[in-house]
Amino acid sequence: MAQEDRSTPNPREERYDAQRIEQKWAGRWQSDPTLYAAEAHPTKPKFYVLEMLPYPSGALHMGHVRNYAIGDALARYMWMNGYNVLHPMGWDSFGLPAENAAIKNNTPPREWTLRNIAAMKVQMNRLGFAYDWSREVTTCLPDYYRWNQWFFLKLYAAGLAYRKKSKVNWCPQCATVLANEQVVGGMCWRHEDTPVVQRELEQWFLRITKYADELLRDLEKLQGWPEKVRVMQQNWIGRSEGVLVDFDLGGTVGPAGSTITVFTTRVDTIYGATSLNLAPEHPIVGDLVARNSELRGQVENLIAEQRRAKEAGDIGSIEKHGVFTGRYAKNPFNGEAVPVWVANYILMDYGTGAIMSVPAHDERDFEFAQKYKLDIKVVILPASTDPDETMIEPPLPFTTMDGIVVNSGEFSGLGCREAIAAMAELAEKKRFGKATVSFRLKDWGISRQRYWGTPIPMVYCDKDGVVPVEEKDLPVILPDNVPITLAGGSPLMNVPSFLNTTCPKCGGPARRETDTMDTFVDSSWYFYRYADAKNDAAPFDSEKIAYWFPIDQYIGGVEHAILHLIYSRFWTKFMRDMGLVKNDEPVERLFTQGMVIRNGAKMSKSLGNTVSPDEMVERYGADATRMYSLFAAPPDRDLDWQETGIEGVQRFLGRVYRFYLRNAGAGKSATASAASTASLSPEARGIQRKLHQTIKRVSNDFQGRWHFNTCIAAIMELMNEIYGAEEAIASGKIPGALIAEVQRDVALLLAPMAPYMAHELWEMTGETGNLLRAPWPKYDAALAAEDEIEIPVQVNGKLRGLVVVAAGATNDQIEQAALANEKVKAAIAGKQIVKVIVVPGKLVNIVVR
RNA sequence: GCCCGGAUGGCGAAACUGGCAGACGCACGGGACUUAAAAUCCCGGGUCCUUAACAGGGCGUACCGGUUCAAUUCCGGUUCCGGGCACCA
């Protein structure tokens, strides 16, 4: 084999060959499992950085790459800043797609899932993400899901898991139940075209509503979360304060009682109530219409209509109508009898399913009352300092809270807010009502009639009823070889060896629960398991949690702002109350990155605008792929993927690489060590200044707002300056020691964003130590400072000239220089100077007349 | 309807605290190197007007108005785009 001649540059060497470099380092990194291992450390500060774990669909998509590129950059930056970093990864690996795949390809869900995990792990490693794989969590394996079951038993024991028959959201495509949170505009969150229907089923619920108040209140603590997410959760919890008031129907009505309790946030308007409107599904409606078949039919129609509207997602826009029951109810405040109606715009699942209708002061009631010519009684007037003006009739409906109550007996003359308090007090005293709080948040239905999930560890015994599995008998193993169909009902019902068991109480024959858990249970606490992933005696050791928690930085898509993040918060609060953890909240700082889009639309298979990470890595390398995803837009904004953009980043990396190649051994050949600033040539001083300015900009962006696009731009500027100084380098005006310093620091600055390149460059400079443990470069403010600065001079706010002054010039000196400028002189010639504004170091504005 | 974002060249974007609008990159045009191409390196560029050219001037950050010596930035109003919530009583 011919030896290559070293005196002539080999063109293949000059080329930046991403594949060669990245394969080499990937091999080294994977052979050292301790490289990214985190351990509790006595002196180093800890930093737990976490990205949302993926569902193992089989391949990463660009959204993952962006998410993980951000997290990895941060993790590497923190390592280099001396932190003990925990940066784990895992797999949200239960869920329906595995069953669909099983049917389609005749592959068992477990096999399909584990194969996908293996494939995606290869992708992640190829991309160079620095995860501590010794802490890997795979939620579909018994060593994880047994703790789901364990937690379920604890929740059950605490009265926070309960079973009830209820109307549930059913997706015909998934053939299973959905939580309220998974219904998006009446459609299944997974099948945008499939309307969700209502079914009545026995379901397991978790009592998240017990924590509703705390979940709301603690949002205040989450100052490290995006405002947007906090507002979304606040809306979702939907707390509203109101008053319950009992209206008496007079005499016996039926099993559902003889009073109707309404919920209102505007009890101050109760003297204006002119009817009482019930949800069609309100239990008392049946009693009210029992003796009238015509009415019964009409109510049936209302129920059907409401259900249809709910399924179609357009409840909220249907025309209001209703039927009069022929009955009257007594307003306990003024003794008036008001007609009782059943109306299609009243919902059973909010408040009490019954309202008092106040047409004068509620838009919806107003619309309803107009249609049926019901009375409209004004009881609120505009507040005014002028008593005569107060009597002006407002345009109806008049819904303000800033009004004065009138025609309301003893309450007349009060402001709305005072009236609400006084009326609530009276209601409570006279025992026909009380102040209360209503939430939009509902308990979390976790039963799924599916195979590929955590079995709910409960048993049904004819003698003892519902009995929990004993802790020592966990895990309840999900059996293999289960025939999967998408017909209704859990596939586990057809597995006798699973279904038939013995009662933990009496030992007699019993049946297992065949429903499995919502996969959001898995993701509600997985990040705790990372802290102690191999523990087989407990979900985790509380001391390890105390060290690592809360998560310092969580990064993921905003699509999880409600579901995953509210369940996780709930789970943490429950674990805290159990005494397992000390933190009230799981996540200190949350970052939600923007979507990756292409041609202005979200990437999706149906649009055919997807970009494959594998293809990008193959064509441009992992570094270019990662770096482009950081460069193309600030991380919180949507990113429009453009093929030509990634080429630019690749070109830049090549440019950096060639700079090192051409100046190999710069440091060694240098005779002088770090030359003193005074002795540097102007060219060298320019490079030195730019280097320190660059370190400053990059460091600031990492610490502050994470605008990686601008820190990459800063490094590009530095390289442009270096290329511009090529002659000075060749002529020796720039000392080797300075070039070596640039090379060292640029390798470090690139390390979080382009780790392969950074490691290669680091090695090229002759360094042998682990780059991740090398300290992040420090800038010297004095070296970064400019000697002289260019100051724009404006005349009447318009740019008229530029003057160069020393960096420390006084305002007087700057002003003199500005007035001496020829262009400025011309612009102010013949005019009178009114004022001269000097902003030190920034600008001069001369105001003339 | 309510709440939250956003709007800057042909494109992605920058301007962090009210102080030169458009850094950096893409695409494009020109040049160097090459037999040629690729790669690489260098240069150019918001827009309109005046000019043979050198230059110079006007306009310009969605739109209208305000505050200020000075506004992409602050205030008031409007439009469009994206997201969340929605007969929630």
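A, B, ... follow the sequence lines: proteins, then strands. Residue 1 opens every chain. What's counted below: heavy atoms across the whole structure, side chains too, no hydrogens, waters or symmetry copies.
Looking at heavy-atom distances under 4.0 Å, A:Leu639 makes no contact with the nucleic acid at all. Across all strands shown, A:Phe652 has no heavy atoms under 4.0 Å from either base or sugar-phosphate atoms. Residue contacts shown for A:Gly238 are absent, as no nucleic acid heavy atom lies under 4.0 Å away. When heavy atoms are screened at a 4.0 angstrom cut-off, A:Gln650 is found touching no nucleic acid atom at all. At a threshold of 4.0 angstrom between heavy atoms, the contacts of A:Asn845 include nucleobase atoms, whether or not backbone atoms are also involved. Contacts of A:Asn720 with the nucleic acid, taken as non-hydrogen atoms under 4.0 Å apart, involve only primed sugar atoms and P, OP1 or OP2. If you check every strand for non-hydrogen atoms under 4.0 Å, A:Val847 touches sugar and phosphate atoms only. Within 4.0 Å (heavy atoms only), A:Ile791 reaches no atom of the nucleic acid at all. Residue A:Arg230 is classed as having no contact, given no heavy-atom separation below 4.0 Å to the nucleic acid.
At a cut-off of 3.5 angstrom, the base of B:C69 holds no donor-acceptor pair with the side chain of A:Lys835.
No side-chain donor from either of A:Asp17 and A:Tyr657 sits under 3.5 Å from a side-chain acceptor of the other. The closest side-chain donor-acceptor pair between A:Thr710 and A:Asp701 falls under 3.5 angstrom.
Between the C1' atoms of B:A14 and B:G22, the separation comes to 7 Å (whole Å). Spacing of P atoms, B:C85 relative to B:G46, comes out at 44 Å, to the nearest Å.
Shown here, B:G10 is classed anti by the O4'-C1'-N9-C4 or O4'-C1'-N1-C2 angle, which is more than 90° from 0.
Rounding to whole angstrom units, CZ of residue A:Arg66 and C1' of B:G12 are separated by 12 Å. In this entry the distance linking CD1 of A:Ile597 with C1' of B:C11 reads 13 Å, nearest Å. Nucleotide B:G25 holds its C1' atom 12 Å from the CZ atom of A:Arg655, rounded to whole Å. A straight line from CD1 of A:Ile562 to C1' of B:G83 spans 11 Å, rounded to a whole angstrom. A:Asp638 places its CG atom 10 Å from the C1' atom of B:G6, with the value rounded to the nearest Å. Atom CG in A:Asp365 sits about 13 Å away from atom C1' in B:C88, given to the nearest Å. Rounding to whole angstrom units, NZ of residue A:Lys228 and P of B:C4 are separated by 12 Å. One can place NZ of A:Lys823 at 13 Å from C1' of B:G57, the figure rounded to the nearest angstrom.
Applying the Watson-Crick and G-U wobble criteria (two distances, each under 3.5 Å), B:A71 pairs with nothing in any strand. Summarising the base pairing, B:G10 is matched to B:C26 through a Watson-Crick or G-U wobble pair whose two defining distances lie under 3.5 Å. B:A55 and B:U50 make up a base pair, with Watson-Crick or G-U wobble contacts both under 3.5 Å. Pair check for B:G76 finds B:C64; Watson-Crick or G-U wobble, both atom distances under 3.5 Å. For B:U34, there is no paired base (Watson-Crick or G-U wobble, both distances below 3.5 Å).
Scanning both residues, A:Thr259 and A:Ile284, for their nearest heavy atoms gives O-CD1, 3.9 Å. Of all the heavy atoms in A:Asp638 and A:Ala633, the pair that sits closest is O-CB, 3.8 Å.
Screening A:Glu643, A:Gln19, A:Glu647 against A:Arg619 for a side chain to side chain donor-acceptor pair (under 3.5 Å) leaves a single residue, A:Glu643.
Figure legend: cation-pi geometry between A:Lys320 and A:Phe368 absent, as NZ or CZ is not positioned both under 6.0 Å from the six-membered ring centre and within 45° of its axis.
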